[in-house]
Number of protein chains: 2
Amino acid sequence: MADAAQTRQRILDSALELFTERGFAGTSVADLAGRLGTSKAALYHHFRSKNEILAALLDAPTRRFDELVTQAPELTAEQLLGRVVDLTAELSAMAGMLDGDPSVQAAQRERLLDRSRDINEALTAALVPPPGDADARLRAHAAYAAAKHGTLAAVTDLGTAELSPVTRAALVSAALRALHPAG
Amino acid sequence: MADAAQTRQRILDSALELFTERGFAGTSVADLAGRLGTSKAALYHHFRSKNEILAALLDAPTRRFDELVTQAPELTAEQLLGRVVDLTAELSAMAGMLDGDPSVQAAQRERLLDRSRDINEALTAALVPPPGDADARLRAHAAYAAAKHGTLAAVTDLGTAELSPVTRAALVSAALRALHPAG
DNA sequence: GTCTATACATAGATAGAC
DNA sequence: GTCTATCTATGTATAGAC
């Protein structure tokens, strides 16, 4: 009924939905097959394991954030926070799961591939100027949290992952104000 | 070796650790018994089900946040964000799991007790003045995210849930700045 | 109040036909 | 490339002795 690539994508789409709703550990392969209207065996033709489905799902987002980490040193705080807002919105369906579900990180840890913590650390570190006192680190955490989780809340609230320029600007400047010491 | 209340508490402590590490669905009753050095049957003497352990764990935090929701209308934004920082720090071990693990929410949903979304909505709503345009709502989301997730990041970073007055003030003012439109 | 043993269902994964 | 049928391990939960 479909070529391999297409079927593969349908599996990933359903997996993302279910992993988001019930968590990775809370979703069985039978659940997945049920939602797809196929058999479990069919799934195993396209992926070697449930874990591999998760890995395939996380591959793209992880790469996008890794890219941002390498660019981070050259970006201003405003540019960096803007990219965080953009990426979070674009990957909003995934971003909640990425560092929200403990069973996701546990599964990735088994494969020594849990990057989410490193990414978060690298990006907040990039927001702190070289000397970087404790206060500045705190503000960086707050600003990053505002950008990321503020964007997630906004996407949920607005019902769309397409942020208008005005909305984007509001999120970035809110995060930026959290970063800067003086009123 | 111990009276009932004490044993019950030991179970809850271990459960919190494991649920945080591996997620609720990712933790088996056997895992729990293993960490406690007891049998599965012993656990079932103190709790009727795995789900009830989760419910007992979430009971206190949920009540604390519900309290805050009822007080919210009478608080200034600064007071409210301050309370969010305080509560988040105090419950930091729990707060990540509370609205991070999808399997937790799925389990609570079965019992029609998933309050975390309502709480988040009520608190951000309290940050928006009555007319409440779209822009103000966005800033409220960003401010709330800065307070909550900024505090979680800070607690992780500092390695302690006891925030000094200076640290607390820095988090609150960062969140406040995210809330307020003008520099 | 804790144990061993076990019931019963579901988990992830595979075999082999079509 | 998808199916039915099945393997084996593990899941939650219980029975009944101590």
Side-chain angles (χ1 to χ4, degrees), chain A residues 1-58 97 101-111 113, chain B residues 1-19 21-58 101-111 113:
Chain A
M1 197 221 259
D3 63 30
Q6 197 176 344
T7 305
R8 208 183 132 92
Q9 192 54 50
R10 285 210 319 131
I11 294 171
L12 290 176
D13 291 343
S14 300
L16 177 56
E17 282 177 35
L18 287 173
F19 292 172
T20 303
E21 282 172 27
R22 314 174 189 185
F24 173 66
T27 302
S28 72
V29 178
D31 291 337
L32 256 166
R35 162 130 349 173
L36 284 162
T38 65
S39 66
K40 289 186 287 173
L43 288 181
Y44 280 96
H45 178 75
H46 296 275
F47 294 94
R48 279 206 294 253
S49 69
K50 182 184 162 189
N51 222 311
E52 198 176 274
I53 297 177
L54 175 65
L57 220 41
L58 295 181
M97 186 183 77
D101 183 346
S103 69
V104 167
Q105 289 155 314
Q108 292 295 98
R109 229 172 285 138
E110 280 175 30
R111 321 180 86 211
L113 270 174
Chain B
M1 196 216 265
D3 62 28
Q6 199 177 343
T7 305
R8 209 183 132 94
Q9 192 54 50
R10 284 210 320 132
I11 294 172
L12 291 177
D13 292 343
S14 300
L16 178 55
E17 282 177 36
L18 287 173
F19 292 172
E21 281 172 27
R22 314 176 188 183
F24 173 66
T27 302
S28 73
V29 178
D31 291 336
L32 257 165
R35 161 129 351 171
L36 284 163
T38 65
S39 67
K40 290 185 285 173
L43 287 181
Y44 280 98
H45 178 75
H46 296 277
F47 294 94
R48 280 208 292 255
S49 69
K50 181 185 163 188
N51 221 310
E52 198 177 272
I53 297 177
L54 176 64
L57 220 42
L58 295 181
D101 183 346
S103 70
V104 167
Q105 289 154 314
Q108 292 295 97
R109 230 174 282 137
E110 280 175 29
R111 321 179 87 212
L113 272 175

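Every value quoted in this text rests on a predicted model; they were computed, and no experiment measured them. First the proteins, then the strands, lettered A, B, ... as listed; each starts at 1. Scope of the values below: all heavy atoms of this structure, side chains included, with no hydrogens, waters or symmetry mates.
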Listed by chain and number, what are the side-chain hydrogen bond (donor to acceptor under 3.5 Å, both in side chains) partners of B/Glu17, not counting sequence neighbours?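 In terms of side-chain hydrogen bond (donor to acceptor under 3.5 Å, both in side chains), with neighbours along the sequence ignored, B/Glu17 is linked to B/Arg35.
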Does the side chain of B/His46 come within less than 4.5 Å of B/Leu12's, by heavy atoms? no
Is the closest side-chain heavy-atom distance between B/Glu110 and B/Asn51 below 4.5 Å?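 B/Glu110 reaches B/Asn51 side chain to side chain.
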Where protein sits on nucleotides 3-16 of chain D, one letter per nucleotide: B base, S sugar-phosphate only, - none, heavy atoms under 4.0 Å: BB------SBBBB-
Using whole Å, what does the distance between atom [atom2] of nucleotide [N] and atom [atom1] of [X] come to?
{"X": "A/His45", "N": "C/dT14", "atom1": "NE2", "atom2": "C1'", "value": "14 Å"}
{"X": "A/Ile53", "N": "C/dG12", "atom1": "CD1", "atom2": "P", "value": "10 Å"}
{"X": "A/His46", "N": "C/dT14", "atom1": "NE2", "atom2": "P", "value": "15 Å"}

Audit row: B/Asp101, B/Ser103, side chain to side chain donor-acceptor pair (under 3.5 Å) steps and yes/no: CA-CA 5 Å; B/Asp101 183 346; B/Ser103 70; 2.7 Å; yes
N/O donor-acceptor pair under 3.5 Å between B/Asp31 side chain and B/Ser28 backbone: yes
